[in-house]
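Have a look at the structure below, then the notes.
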Number of protein chains: 2
Amino acid sequence: MAENKEITIYDIARYLKISATTVSRGLKNHPTINKNTCKKIAEAARILGYRSNTFASSLLSKTTHTLGVIVPRISSYFMSYVLAGMEDAASRQGYTLIINHSNESTEKEKVNALTMFNKRVDGLLISVAYDTRNIDHILPFFKKNIPVIFFDRTWSHPESMSVEIDNIKAGYEVTKHLLEQGFRKIAHLTGNLLRNVYADRLTGYKDALREYRIPYDEKKLFIGPLSENAGTQLAEKMIAMKVKDRPDAVFAANDTSAVYCMLKLKEAGFRIPGDIGFAGFNNDPISQVVTPHLTTVQYPGYQMGETAVNNLINHLKGITELHAIPKIILRAELMIRASSLKKKTL
Amino acid sequence: MAENKEITIYDIARYLKISATTVSRGLKNHPTINKNTCKKIAEAARILGYRSNTFASSLLSKTTHTLGVIVPRISSYFMSYVLAGMEDAASRQGYTLIINHSNESTEKEKVNALTMFNKRVDGLLISVAYDTRNIDHILPFFKKNIPVIFFDRTWSHPESMSVEIDNIKAGYEVTKHLLEQGFRKIAHLTGNLLRNVYADRLTGYKDALREYRIPYDEKKLFIGPLSENAGTQLAEKMIAMKVKDRPDAVFAANDTSAVYCMLKLKEAGFRIPGDIGFAGFNNDPISQVVTPHLTTVQYPGYQMGETAVNNLINHLKGITELHAIPKIILRAELMIRASSLKKKTL
DNA sequence: TTAATTATTGCAACCGATTGCAATTTTTTT
DNA sequence: AAAAAAATTGCAATCGGTTGCAATAATTAA
């Protein structure tokens with residue numbers, strides 16, 4: 001069988017005894033082509049099993065209808081929702097996603113960026129790795145006027161747009177809530193302060209303390225990878241502390257570390273929230289499964305992905321200008337649950 | 001600045017006063033090109049900021065170095081690990097992934113398959129949607145000799161390969177473990193039996209019952225979407241049952257439904273595992289956070305993704321033949337935890 | 001020193017779709 | 001019925017890299 005022979009517009013042209021030009025135009029219903037001819041062309045394409053050769057047209061148009069996505073980690077609850085939102089938005093508009101993850105390594109991030117650059121994505125969506133210190137590897141995109149959108153872990157750049165939540169506000173609200181509940185020695189477990197998400201939450205935390213006239217105590221700030229282990233270790237440190245030094249609450253910058261810290265403390269006999277209150281971040285499934293349920297911040301991952309992609313595509317279509325909107329803030333919501341409710345009421 | 005001008009091999013040729021042919025060959029260190037010339041070409045490419053135009057070469061080679069991935073849902077713990085494994089394996093070998101999700105809809109799956117087909121991926125990796133009933137939409141790939149690998153939720157096809165775990169064995173082991181612990185009225189909460197993963201686990205469940213000479217009771221089989229809600233609803237049904245009809249254990253085909261069923265029963269005053277034993281599937285993070293911890297099956301997602309991609313690429317490179325290996329079975333491991341330990345020991 | 005090898009390099013056609021402009025056909029106007 | 005306007009269609013060049021084959025240059029053998 002000739003099943004393997006690819007059908008081109010020339011085959012259709014020969015079949016209908018017309019020119020390839022007309023076929024090319026007919027296939028996209030170009031207004032100058034007779035409606036009837038268009039119909040015949042579409043029909044012939046169907047019969048012959050034609051599929052457009054995207055390379056040939058990309059070669060000419062220099063456009064791929066492909067967006068590159070670089071995330072620190074695919075396998076995270078939050079990020080997988082971002083990707084789901086991106087995928088839905090992209091395919092709704094006829095775009096395809098190329099997804100890479102840096103695995104939190106700046107080196108891999110650089111390689112990924114280069115790959116995307118060489119694959120000539122029409123635009124780039126990126127959330128930077130844990131300890132990325134500069135965006136030299138993104139500069140080539142700006143130079144070539146390829147639009148870049150940062151999301152979640154952002155990086156400010158005059159030609160780019162960021163999509164994020166108001167981390168300062170979220171950090172403030174979490175901390176304020178803990179303060180309202182009567183906690184006064186609140187520890188903050190967070191990640192690399194180079195990252196906006198962590199730096200901003202810390203700022204919010206400090207803001208709330210200031211409001212309550214509680215001096216900020218550096219000894220209550222714990223910086224680490226926010227892993228299960230990081231949570232467990234903080235618990236161990238706390239257990240080893242003298243009572244007067246021991247925090248009476250923990251605000252962790254993600255749920256994983258919060259939960260594992262909680263579990264370890266519970267195991268050691270501490271009551272939550274009676275002895276120690278807890279709040280996390282992200283609203284991962286574990287936050288609603290752990291006992292007591294974890295107070296956290298609902299992070300709109302799906303919506304973040306959707307928003308980022310829609311804005312990128314609007315820019316590509318010339319509907320909007322990226323640099324005109326340096327930042328889009330999505331709504332994040334404090335989810336108050338038992339882990340922080342010392343007073344029984346709100 | 002001429003920053004925006006793309007550099008082509010012709011620019012390099014002009015710059016070095018040699019032919020484009022030589023540049024093309026030199027860039028890939030073709031043996032007939034003088035080593036020294038190669039070096040000069042590479043240097044010039046660097047200086048001028050050349051990047052290869054993949055379309056132009058794909059147009060000729062009919063190869064994209066791109067793999068298509070269709071998953072039912074990106075935002076699932078298990079699947080996000082599969083994707084991570086795929087991404088690592090693919091980028092290690094210089095391949096790029098295009099990822100789509102069907103959102104458990106066969107219709108979207110069809111659209112996705114068409115997109116991948118038109119984007120001319122070199123190979124396809126797919127895990128089918130919840131209620132896909134045929135693979136007509138995949139047939140075009142087979143016709144064009146584009147290799148297809150099914151993973152997790154597979155579909156047997158003579159030219160294809162499947163990567164999965166031994167779900168029958170896993171189902172058998174979970175059930176046998178519950179039986180060994182003294183449970184005798186084990187309910188099974190699962191998904192659409194059209195899907196191998198659910199059908200096979202059920203088979204294993206029946207095998208274990210048979211071994212213990214316990215008649216299979218259809219009334220103990222609950223089929224649904226395996227969502228949080230499905231778990232809660234099963235609990236409600238169980239609460240409403242007469243004692244003699246009530247299962248003394250639940251084997252759920254995923255952790256989410258198991259956990260939510262457990263939580264609801266706990267809330268209603270049932271003791272786990274004293275009154276009702278529990279086992280789930282997947283080893284999601286929630287399984288280790290819920291109290292008591294959930295017995296489950298460790299599902300090697302990352303490895304599954306890696307294996308699928310490596311095999312696909314090996315086929316593409318001509319190292320192996322896909323259809324020679326119809327199936328690859330990965331190791332899954334029963335994780336025994338408190339939710340199923342009625343006898344205090346193993 | 002010349003012929004025979006071997007190493008390098010370049011010509012020109014090709015992959016498949018697109019597009020400006022000219023050519024042809026059809027329709028409308030006068 | 002002829003001229004003008006509008007609707008269709010096709011020619012030919014182009015996008016950038018690849019490759020078979022011929023041409024030229026450099027080495028080696030005779």
Side-chain angles (χ1 to χ4, degrees), chain A residues 2 4-45 48-66 94 117-122 144, chain B residues 2 4-45 48-66 94 117-122 144:
Chain A
N4 265 317
K5 213 286 191 178
E6 280 294 341
I7 302 298
T8 71
I9 53 170
Y10 297 98
D11 296 314
I12 299 181
R14 205 172 309 122
Y15 179 82
L16 294 175
K17 301 198 201 322
I18 56 178
S19 78
T21 301
T22 304
V23 174
S24 171
R25 293 199 175 111
L27 283 170
K28 28 184 61 75
N29 293 306
H30 194 283
T32 83
I33 301 296
N34 187 295
K35 299 273 182 229
N36 200 35
T37 313
C38 280
K39 229 176 269 172
K40 275 192 219 151
I41 292 172
E43 177 64 6
L48 299 177
Y50 168 81
R51 54 173 177 164
S52 159
N53 187 318
T54 48
F55 319 138
S57 58
S58 282
L59 181 55
L60 221 34
S61 71
K62 290 158 184 9
T63 258
T64 52
H65 278 255
T66 297
F117 187 66
N118 288 335
K119 281 267 173 179
R120 313 214 178 188
V121 295
D122 288 349
K144 282 254 187 314
Chain B
N4 265 317
K5 215 290 192 173
E6 282 292 342
I7 302 299
T8 71
I9 54 170
Y10 298 97
D11 296 316
I12 299 181
R14 204 171 309 122
Y15 180 82
L16 293 175
K17 300 194 202 321
I18 56 179
S19 78
T21 303
T22 304
V23 174
S24 171
R25 293 196 175 112
L27 283 169
K28 30 184 60 77
N29 292 306
H30 195 284
T32 83
I33 302 297
N34 188 295
K35 300 271 183 231
N36 200 35
T37 312
C38 281
K39 228 175 274 174
K40 273 191 221 152
I41 292 171
E43 177 65 5
L48 298 177
Y50 168 81
R51 56 173 177 164
S52 161
N53 186 319
T54 48
F55 320 137
S57 60
S58 283
L59 182 54
L60 223 32
S61 71
K62 290 154 184 11
T63 259
T64 53
H65 279 257
T66 296
F117 187 66
N118 288 336
K119 281 267 173 176
R120 315 220 177 184
V121 295
D122 287 350
K144 283 257 188 311

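Please read all numbers here as calculations on a predicted model, not as lab measurements. Lettering follows sequence order; numbering is per chain, from 1.
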Q: Round to a whole Å and report the spacing from CG of A:L59 to C1' of D:dC15.
A: 4 Å

For residues 32-40 of chain B, tabulate all N or O donor-acceptor pairs below 3.5 Å that involve a side-chain atom, not counting sequence neighbours.
residue : atom : partner : partner atom : Å
B:T32   : OG1  : B:H30   : ND1          : 3.4
B:N34   : OD1  : B:N36   : N            : 2.7

Q. Between A:S24 (side chain) and A:A20 (backbone), is there a donor-acceptor pair under 3.5 Å?
A. no

Q. Charged N to carboxylate O under 4.0 angstrom, A:E6 versus A:R51?
A. yes

Q | DNA chain D-proximal residues of residues 30-39 of chain A, any heavy atom under 4.0 Å | A | A:T32, A:I33, A:N34, A:T37

Q) To the nearest Å, how far apart are B:K40 NZ and C:dT8 C1'? A) 12 Å

Q: Round to the nearest Å and state the distance from A:I12 atom CD1 to D:dT9 atom P.
A: 15 Å

(Q) To the nearest 0.5 Å, what is the distance between CG on A:L16 and CD1 on A:I9? (A) 12.0 Å

(Q) Measure CZ/A:F55 against C1'/C:dC14 and give the value in whole Å, please. (A) 16 Å

Q: Might you work through the side-chain hydrogen bond (donor to acceptor under 3.5 Å, both in side chains) test for A:S19 and A:T22, ending with a clear yes or no?
A: CA-CA 5 Å; A:S19 78; A:T22 304; 3.1 Å; yes

Q: Please report, rounded to the nearest Å, how far the P atom of C:dA17 is from the CZ atom of A:R14.
A: 12 Å

Q: Rounded to the nearest angstrom, tell me the gap between atom CG in B:L60 and atom C1' in D:dT19.
A: 8 Å

Q: Keeping the roles fixed (side chain from A:T66, backbone from A:V121), state whether a donor-acceptor pair exists under 3.5 Å.
A: no

Q | Side chain of B:K28 (C-beta onward), nearest among C:dT18, D:dT18, C:dG16 | A | D:dT18

Q) Hey, what do you get for CG (A:N118) to CG (B:N53), rounding to the nearest 0.5 Å? A) 10.5 Å

Q. So, does A:S58 use its side chain to make a donor-acceptor pair with the main chain of A:T63 at under 3.5 Å?
A. yes

Q. Partners of A:S52 by side-chain contact (heavy atoms from CB on, under 4.5 Å), sequence neighbours excluded?
A. A:Y50

Q: Tell me, please, which residues at least two apart from B:T64 pass side chain to side chain donor-acceptor pair (under 3.5 Å).
A: B:D122

**Q.** Atom-to-atom span, NZ of B:K62 to C1' of C:dG16 - whole angstrom
**A.** 8 Å

**Q.** Atom pair distance, as rounded to whole Å: CD1 in A:I9 and P in C:dT19
**A.** 11 Å

Pairwise N/O distances under 3.5 Å, protein to nucleotides 10-12 of chain C:
residue : atom : partner : partner atom : Å
C:dG10  : OP2  : B:S19   : N            : 2.9
C:dG10  : OP2  : B:S19   : OG           : 3.1
C:dG10  : OP2  : B:T22   : OG1          : 2.6
C:dG10  : O6   : B:R25   : NH1          : 2.9
C:dG10  : O6   : B:R25   : NH2          : 3.3
C:dC11  : N4   : B:T21   : OG1          : 2.9
C:dA12  : N6   : B:T21   : OG1          : 3.2

**Q.** Terminal axis angle for the helix from C:dT1-D:dA30 to C:dT30-D:dA1, five pairs an end, nearest 10 degrees
**A.** 40°

Q. Taking atom CZ of B:R120 and atom CZ of A:F55, what is their separation to the nearest 0.5 Å?
A. 6.0 Å

Q) Do any side-chain nitrogens or oxygens of A:Y10 fall under 4.0 Å of OP1 or OP2 in C:dC14? A) no

